[in-house]
Number of protein chains: 2
Amino acid sequence: MKKTGIGEFEELVLLTICVLENEAYAFSIKQEIEQRTGRRMNISAVHTTLYRMEDKGLLTSQMGEASSIRGGKRKRLFSATTFGIKSLSEIRDVRSTLWEDIPAFVLKNADL
Amino acid sequence: MKKTGIGEFEELVLLTICVLENEAYAFSIKQEIEQRTGRRMNISAVHTTLYRMEDKGLLTSQMGEASSIRGGKRKRLFSATTFGIKSLSEIRDVRSTLWEDIPAFVLKNADL
DNA sequence: CATATTATACAATAATGTAAATTAAATAAA
DNA sequence: TTTATTTAATTTACATTATTGTATAATATG
């Protein structure tokens, strides 16, 4: 397999980038995911993932304006490419069709 | 991260097992996924994945009845555990909330 | 000069793939 | 009715690749 080549974490990162619109940079992505999932992660893990996904063509980036309140390096802002969004969408469709096709009794006793 | 520890392929396998109910064994799982995704895969890749997921507690298995039309070894039938179903459900919830929170214009021009 | 952030390089672990051996059942043949 | 043959699958052991994690250095900005 490995056609899409998008891992669990990568998928969360990409979706989060979409949610954050013009404010998607490593730190804000990290925080958003931590808040939504309750899991902690290293900022560098986010960075490596972002760069890898850029190589794969799933997202692009550009440097943001220099306008921090305190000093600091400029933010690198990320956004999903069309290819990235399509990849997200495809895997979502496959999964949701599968969910629909699960007989109800299979999910009983799992108190979802 | 890695709390859930469920890969892209693993997730498809587990969902497919749920869909196939009492007829989920390596071969039928492989075929069902191939048919739904269009991607080909090695039967052994399915097997290793199944065993690994059993170790993780995401599914269980038992040998089926000997009732093939032609000869052959008995099928090992797989089913998702409660833990497996909960894991699927959790990650689905996180993703679908993210999807809901994506501003519409971000998805424009991607012709989904 | 303090600080917020990126960037880089490497390490660890996890996921996936492949090939070959093995097993059990059904059927055919002796 | 015993033995051999074919067949549908599993099982095992290992190899490869992909994903995720960590630590440290570098850089730009107020």
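To find a chain, count down the sequence lines: A is the first, B the second, and so on, and within it residues start at 1.
The nearest whole Å value for the distance from the CD1 atom in I33(A) to the P atom in dT20(D) is 11 Å. Between the C1' atom of dA7(C) and the CZ atom of F27(A) lies a distance of 14 Å, rounded to the nearest Å. One can place NZ of K30(B) at 14 Å from P of dA8(D), the figure rounded to the nearest angstrom. Rounded to whole Å, atom P of dG17(C) lies 14 Å from atom CE of M53(B). In this structure, the CZ atom of R74(B) is 11 Å from the P atom of dT11(D), given to the nearest Å. One atom, NE2 of H47(B), and another, C1' of dT12(D), lie 11 Å apart when rounded to the nearest Å. Rounded to an integer number of Å, the gap from CD of E65(A) to C1' of dA28(D) is 14 Å.
Side chain of S44(A), nearest nucleotide from dA28(D), dG21(D), dT8(C): dT8(C). Set against dT10(D), dT22(D), dA15(C), the side chain of K56(B) has dA15(C) as its closest nucleotide. For R76(B), taking side-chain heavy atoms from C-beta onward, the closest of the listed nucleotides dA15(C), dT10(D), dA26(D) is dT10(D). Closest to the F9(A) side chain, of the nucleotides dT6(C), dG21(D), dT11(D), is dG21(D). When each of dA15(C), dT18(C), dT20(D) is scored by its nearest atom to the side-chain atoms of R52(B), the top-ranked nucleotide is dA15(C).
Phosphate contact (OP1/OP2 of dA7(C), side-chain N/O of Y51(A), threshold under 4.0 Å): present.
Using a cut-off of 4.0 Å between Lys/Arg side-chain N and Asp/Glu carboxylate O, E90(A) and R39(B) are scored as not salt-bridged.
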